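None of the values given here were measured: they were computed from a predicted structure. Each chain gets a letter, A, B and so on, in the order its sequence line appears, and its residues count up from 1.
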Number of protein chains: 2
Amino acid sequence: MVQIRVEASRLFVEKGYDGTSMQDIADAVGLTKAGLYHFVDSKEELLFLIVDAGVGRMEREVLEPARAVKDPRERLATLIRLHVENISRVESDVGNPVTSVVENLVGLSDQKRAEVNARLRQVFELTRGALDELKAQGRLTEGVDTTVAAFSITGMVMWTNRWRRPGGRLSSAD
Amino acid sequence: MVQIRVEASRLFVEKGYDGTSMQDIADAVGLTKAGLYHFVDSKEELLFLIVDAGVGRMEREVLEPARAVKDPRERLATLIRLHVENISRVESDVGNPVTSVVENLVGLSDQKRAEVNARLRQVFELTRGALDELKAQGRLTEGVDTTVAAFSITGMVMWTNRWRRPGGRLSSAD
DNA sequence: TGCCCCGTCAAACGACCGTTCGGGAATCGT
DNA sequence: ACGATTCCCGAACGGTCGTTTGACGGGGCA
């Protein structure tokens, strides 16, 4: 069961949700399509399981620790560092979670897609919040729109799932 | 013919390449599927037409003008400004071109996908080149890896296709 | 031993997809 | 006036997809 999720996640990232057939997944875990349906109700449920786990992990290992940091400058740095680490981590138990989430929302129903998007937006909100605090304390360059800046930073981080590899990290991104 | 490209581009962006059927496109332009094939050879050709036009426009209206700027600091600012403008522009004659390109590469053959990716990479290369020059001139904060920084800036810009709207722009992104 | 659930399968189903074919109007050059 | 060309359609084709059905062997339990 867990192996199904792992392989499916890998395939979804590799070939996209639509580009992956139940046959592909069945082959990857050594079952028939029919056998696969003994463990999973539908293809969409499988995608949701994966996406849900990915977003959940992000909330647990990125958002939560970052929220606990008091100083806004430090909080922002922590958020960025943890988020990049989380994205870059290609673990044995599940493929890159954020990639699988962001890139395959198409397959979800409107309702679930909206829900996942709302949860993803927390990253942006936390970023903007920290920037707002910094601005209120006069610790930010004048004339910076915090909303635009927050979008920029979020985008910068999210985009890392397109090149991965190198170990050199920067937290000097303000 | 041009209307086909416009509607197809819009639909590809809205529902994804795989999620859009030839029937959908035919409906959008008031034709039958069969009638559609009078103007287009295949679905993939249609996607390539759109993607090719999008990348071409980016090369013409973003890369070329930016390359002409001598001072690296100014060149970088120009590149970012033009690129953001180009992405944000939702014109009557074609949907957001970069979005349609970046998000739907899945549908292309390996060969064409590689070609388009190579053309997209020019943005990154130009960014890194400008940063390298700045660094050589000692005009850049010490200890910054230009490759990572270039990826970050590119990502920041590319991500803008996820929120569009507001007019407030920043070129203070160094 | 008899029973039932679990994991697995081959086969089929209906839906939809991209694409093709043959033909019927309309339009145009001559 | 007329043949050719352009535009467009109804109908079908072959294929793939997600999903369902019915069944078979085997292991645990009564």
Ring pair (Phe, Tyr, Trp, His ring centres under 6.0 Å) pairs, two or more places apart, involving residues 16-43 of chain B: B/F12-B/Y17

List the residues meeting side-chain contact (heavy atoms from CB on, under 4.5 Å) with B/R67, not counting sequence neighbours, and say none if there are none. B/L63, B/Q122, B/L126

Rounded to 10°, the angle between the first-five-pair and last-five-pair axes of the helix from C/dG2-D/dC29 to C/dT30-D/dA1 is 0°

How would you label the contact of B/L36 with the nucleic acid (heavy atoms, under 4.0 Å): base, sugar-phosphate, or nothing? nothing

Does a side-chain heavy-atom distance below 4.5 Å link [X] with [Y]?
{"X": "A/D71", "Y": "A/R139", "answer": "yes"}
{"X": "A/R81", "Y": "A/T78", "answer": "yes"}
{"X": "B/D24", "Y": "B/K15", "answer": "yes"}
{"X": "B/V123", "Y": "B/V62", "answer": "no"}

Protein heavy-atom contacts under 4.0 Å, written 5' to 3' over nucleotides 16-22 of chain C as B (base), S (sugar-phosphate only) or - (none), form the string -SBBBB-

Between [atom2] of [N] and [atom1] of [X], the distance in whole Å:
{"X": "A/I25", "N": "D/dT19", "atom1": "CD1", "atom2": "C1'", "result": "13 Å"}
{"X": "A/F39", "N": "D/dT19", "atom1": "CZ", "atom2": "C1'", "result": "17 Å"}
{"X": "A/I4", "N": "C/dG7", "atom1": "CD1", "atom2": "P", "result": "11 Å"}

Would you please test A/D52 and A/R119 for salt bridge (Lys or Arg N to Asp or Glu O under 4.0 Å) and show each step? CA-CA 10 Å; A/D52 190 53; A/R119 289 167 73 188; 2.8 Å; yes

Nearest 0.5 Å please: distance from the CD atom of A/E64 over to the CG atom of A/L82. 11.5 Å

Rounded to the nearest 0.5 Å, what separation is found between the CD atom of A/E45 and the CD1 atom of A/I50? 10.5 Å

So does B/T147 get a backbone contact from the side chain of B/R128, meaning a donor-acceptor N/O pair under 3.5 Å? no

Is the shortest side-chain N/O distance from B/H38 to OP1 or OP2 of D/dC7 below 4.0 Å? yes

List for me each residue that meets ring pair (Phe, Tyr, Trp, His ring centres under 6.0 Å) alongside A/F124, sequence neighbours excluded, and say none if there are none. A/F151

Can you tabulate the close N/O pairs, meaning under 3.5 Å, that link protein atoms to atoms of nucleotides 26-28 of chain C?
none

